[in-house]
Amino acid sequence: MPSNFEISKILREIGEYLEMQNVPFKPRAYEKAALAVQELDEETTDLYKEGGLKALEEIPGVGASIAEKIEELLKTGRLKYYEGLKKKAPVDLSSLTSVEGLGPKSISRLYQKLGIKNLADLEKAARAGKIRKLEGFGEKSETKILAGIEFQKKSGGRFLLGDVLFLGRGIEERLERLPEVEKAMVAGSIRRRKETIGDVDILVISKKSKKVMDYFKNMTEVAMIIASGETKSSVKLHSGLNVDLRVVPPESYGAALNYFTGSKDHNVALRKIAIEKKLKLNEYGLFKVGKGGKETMIAGKTEEEIYRALGMDYIEPEMRENTGEINFSLKHKLPKIVGYGDLEGDLQTQTEWTDGSDSIEDMAKAGIKAGLKYIAITDHTKRLAMTGGLGEKMVLKQMVEIDRVNKKLGGKIKILKGTECDILKDGSMDLPDSILSKLDVVGASVHSLFNLSEADQTARIKKAMVNPNVDIIFHPTGRLINRREAYKVDIEEIVKFAKKTGTVLEANADTNRLDLKDEYIKKCVEAGVKISVDSDAHSAGQVGFLELGIAQARRGWATKHDIINAWPPDKMKSFLKK
DNA sequence: GCCGTTTTCGGCCCGACTGTTTTCAGTCG
């Protein structure tokens, strides 16, 4: 039974195939439907079981035609229409479109003229200088393609945390529901909330491992069984993600969890400390080695008791990268990093006024649901025309609407008036100061001219930071994980200048961005620069991105003190520029 | 192909930038 993830991927590819054939409007329709399916709270399978074709048609963006296609997928696991399109141009769309600058039209031409089907073909043709000879391509596009391929190789088939965190958690929950399972827990880089994930590690305590393994290997999303044994099984999912399951005895659970959570460097450092204390640490426990090599286990049931036995404080998984946490722990001086429930507000969200999909009221309600006390509406500005960016008149109009909704919601949450204002080429703002000064929160963003020199880009952003109305620099480096490198900018200088001007730097929580990244967050914390953890939600459901933002803040060792939207509304507002 | 009616067709966010051109197509988000 195909999952929402798989259905959405097929719909998206259909849109891209139609785009390749220059079909008007349909591509957008499929793209919209793909997004809607991806964002559903419920599995499409369940929707269909409960309400049939009708229920599918009620998904916004899905009409009669796409509903029937989804039905075919659910019933047969296949879709003839999709297979027909794929036959006409059997190219690996998902990898080719992920090369920066390559879209459906170019891919279509490359296939027709040079028979390019995948990244390997593309690289070969580019290296042989064949692409520059094609009409519409030139030397520069060939160089750009090669650079794009290099970047792809570097990111090496890793998955975004946001895509696999919930998947891992889903498997964890299903395993935990089995009567044979005492406890199930995702370990590995997911537990450390690393921004990209190679594969998923799950630990289970159970006395009947065979039953657990059988369930695991037969899950609907499994495409292939790689290895299958009593205590360890590995599978590959349809999405290409590998998942390992390990069954451990209860007395070793903590040691196994510690071992399989990593990071490798952190574990090596722990083992060294154990050796200094004449102890031995492995995935089964912490042991005292007596005369004649006799081992007695002194800890292993929980991670806490292992750290304690080593004379250390417990270290949060997000900090286990061997970047100083071991020493802080030994000296009992670890910072108390921000908790997952600590945010009081969200300072960047978009609505249907620009490129978001929900109303101001819907976003506010999502904020209430997430337990927030305030939420800023920060729609785009006019320079970003493709989003329908707001000009002065519309901003003023939106402020009136926000007043209305605030009144209607009766104080359950405070909606703040904000903007995500474009920073223009020379560092000036896309809205006049007379408007910016009326808003509660002004975020400033780079959305254009990503290829300025480092000096120019840095100067551009610094100029925005000098503006007395600019409170926050949104997604300060502009990167898209696995898709686009950050623009060139001197981050040390930006951090220094943020301190000087009292400007906040954002830790954007969008799954694709996570910008600032963890090590830059750490630089801010060390420099005393405040950050804001924002969802950048473009729909009510995306307010949930905040969790990923907090995860990165934790990886950057940020405490509540460092994050302005972990503060109560009044304190937060008094920190912003006047 | 979807949506929303001024209901059963006509519109569909629309501008900047890049690299290719010499007037524009493709990509970005």
Side-chain angles (χ1 to χ4, degrees), chain A residues 10-37 56-70 79 81-82 85 93 96-110 126 131-148 350-357 379-391 394 420 422-426 430 445-452 474-475 478-481 483-485 487 508 510-513 515 536-539 542:
Chain A
I10 287 174
L11 292 177
R12 189 166 291 117
E13 284 197 14
I14 290 175
E16 282 161 353
Y17 277 124
L18 294 170
E19 186 95 53
M20 284 167 76
Q21 298 173 10
N22 240 330
V23 179
F25 301 114
K26 285 191 194 183
R28 198 61 31 83
Y30 276 97
E31 193 189 314
K32 259 178 94 173
L35 195 70
V37 169
L56 296 180
E57 280 187 50
E58 270 165 32
I59 302 170
V62 174
S65 170
I66 295 184
E68 274 177 27
K69 292 189 172 72
I70 296 177
L79 181 56
Y81 178 64
Y82 170 69
L85 289 168
L93 272 180
L96 288 174
T97 49
S98 65
V99 175
E100 173 78 4
L102 269 197
K105 300 276 166 60
S106 312
I107 291 170
S108 174
R109 286 220 305 279
L110 289 168
I131 291 176
R132 68 178 73 183
K133 290 188 189 128
L134 288 186
E135 203 183 322
F137 292 87
E139 213 168 313
K140 279 197 178 164
S141 21
E142 200 172 77
T143 314
K144 210 176 152 196
I145 284 171
L146 281 171
Q350 272 69 232
T351 71
E352 61 190 2
W353 285 61
T354 57
D355 62 347
S357 54
D379 275 300
H380 288 289
T381 56
K382 56 185 190 285
R383 160 61 186 72
L384 214 56
M386 64 202 156
T387 67
L390 308 184
M394 288 303 281
E420 176 176 12
D422 260 57
I423 304 175
L424 305 180
K425 184 174 185 180
D426 64 353
D430 194 25
S445 296
V446 168
H447 286 129
S448 61
L449 297 157
F450 293 138
N451 58 352
L452 292 185
F474 284 164
H475 46 72
R479 71 155 179 180
L480 295 176
I481 303 171
R483 294 222 308 264
R484 182 178 74 205
E485 295 215 57
Y487 41 71
N508 188 298
D510 182 299
T511 35
N512 293 294
R513 294 189 181 273
D515 179 12
D536 198 358
H538 283 61
S539 68
Q542 291 182 353

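Computed from a predicted structure; not experimentally measured.
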Assign [X] to base, sugar-phosphate, or nothing according to its heavy-atom contacts below 4.0 angstrom with the strands shown.
X         : answer
Arg109(A) : sugar-phosphate
Ala64(A)  : sugar-phosphate
Pro24(A)  : nothing
Pro27(A)  : nothing

Considering residues at least two apart in sequence or located in another chain, which fulfil the side-chain contact (heavy atoms from CB on, under 4.5 Å) criterion with [X]?
X         : result
Lys133(A) : none
Ser141(A) : Phe137(A)
Lys140(A) : none

inquiry  = I want to check one thing: is the phosphate of dT27(B), taken as OP1 and OP2, less than 4.0 Å away from some side-chain N or O of Ser106(A)?
reply    = yes
ask   = Would one find a side-chain N or O of Lys69(A) under 4.0 angstrom from OP1 or OP2 of dG1(B)?
value = yes
ask   = If you pin Pro104(A) and Tyr30(A) to their nearest nucleotides in DNA chain B, which one's is more 5'?
value = Tyr30(A)
key: Contact nearer the 5' end of DNA chain B, comparing Glu142(A) with Val99(A)   = Glu142(A)
Measure from [atom1] on [X] to [atom2] on [N] and round the result to the nearest Å.
X         : N       : atom1 : atom2 : answer
His447(A) : dG15(B) : NE2   : P     : 18 Å
Leu93(A)  : dT27(B) : CG    : C1'   : 16 Å
Leu134(A) : dA25(B) : CG    : P     : 18 Å
Lys32(A)  : dG11(B) : NZ    : C1'   : 12 Å
Ile145(A) : dT27(B) : CD1   : P     : 10 Å
Met394(A) : dC13(B) : CE    : P     : 15 Å
Arg132(A) : dT21(B) : CZ    : P     : 13 Å
Glu58(A)  : dC2(B)  : CD    : P     : 14 Å

query = Between dC2(B), dC28(B), dG26(B), which nucleotide has the shortest distance from any of its atoms to the side chain of Lys105(A)?
reply = dG26(B)
key: Heavy-atom pair with the smallest gap, counting every atom of Ile145(A) and Ala126(A)   = CG2-CB, 4.5 Å
note = Taking every heavy atom of Glu13(A) against every heavy atom of Tyr82(A), the minimum-distance pair comes out as OE1-OH, 2.8 Å
message = Side chains of Val62(A) and Leu11(A), heavy atoms from C-beta outward: is any pair under 4.5 Å?
response = no
query = Do Ile14(A) and Leu79(A) come within less than 4.5 Å of each other through their side chains, counting heavy atoms only?
reply = yes
remark   = Residues at least two apart in sequence or cross-chain that pass salt bridge (Lys or Arg N to Asp or Glu O under 4.0 Å) with Arg479(A), listed by chain then number, are Glu195(A)
Using a 3.5 Å distance criterion without hydrogens, assess whether the side chain of [X] forms a donor-acceptor pair with backbone atoms of [Y].
X         : Y         : result
Asp515(A) : Gly478(A) : yes
Thr97(A)  : Leu93(A)  : yes
Gln350(A) : Asp355(A) : no

ask   = So, do Phe25(A) and dC2(B) meet the stacking rule of ring centres under 5.5 Å and planes under 30°?
value = no
inquiry  = Give the residues of residues 12-22 of chain A touching DNA chain B, defined as any heavy atom closer than 4.0 Å, sorted by residue number.
reply    = none
With a cut-off of 3.5 Å and sequence neighbours excluded, list every side-chain donor-acceptor pair involving residues 16-35 of chain A.
residue	atom	partner	partner atom	Å
Tyr17(A)	OH	Ala89(A)	O	3.4
Asn22(A)	OD1	Lys105(A)	NZ	3.3
Tyr30(A)	OH	Lys69(A)	NZ	3.4

request  = Go through Leu110(A) and Leu96(A) one step at a time and tell me if the side-chain contact (heavy atoms from CB on, under 4.5 Å) criterion holds.
outcome  = CA-CA 11 Å; Leu110(A) 289 168; Leu96(A) 288 174; over 6 Å; no
If I pick the [atom1] atom on [M] and the same atom on [N], what distance separates them, to the nearest angstrom?
N       : M       : atom1 : result
dG10(B) : dT22(B) : P     : 38 Å
dC12(B) : dT23(B) : C1'   : 26 Å
dC13(B) : dT18(B) : P     : 25 Å
dG26(B) : dT20(B) : C1'   : 10 Å
dT5(B)  : dG1(B)  : P     : 23 Å
dT8(B)  : dC2(B)  : C1'   : 13 Å

Output one line per pair: protein atom, nucleotide atom from nucleotides 16-19 of chain B, and distance, for all N/O pairs under 3.5 Å.
residue	atom	partner	partner atom	Å
dT18(B)	OP1	Asn451(A)	OD1	3.3
dT18(B)	OP1	Asn451(A)	ND2	3.4

ask   = If you write DNA chain B from 5' to 3' in dot-bracket form, with Watson-Crick or G-U pairs under 3.5 Å, [ ] for crossing pairs and | for pairs with another strand, what do you get?
value = ((((....))))..(((((....))))).
With a cut-off of 3.5 Å and sequence neighbours excluded, list every side-chain donor-acceptor pair involving residues 382-391 of chain A.
residue	atom	partner	partner atom	Å
Lys382(A)	NZ	Asp430(A)	O	2.6
Arg383(A)	NH2	Ser448(A)	OG	3.4
Thr387(A)	OG1	Leu384(A)	O	2.8
Thr387(A)	OG1	Gly389(A)	N	3.4

inquiry  = Holding to side chain to side chain donor-acceptor pair (under 3.5 Å), I want the full list of residues that pass it with Asp379(A), two or more places apart in sequence or in another chain.
reply    = Thr351(A), Thr354(A), Gln398(A)
query = What residues form a ring pair (Phe, Tyr, Trp, His ring centres under 6.0 Å) with His447(A), not counting sequence neighbours?
reply = His380(A), His475(A)
Between protein and nucleic acid, restricted to nucleotides 5-10 of chain B and to nitrogen or oxygen atoms under 3.5 Å apart, what atom pairs and distances do you find?
none

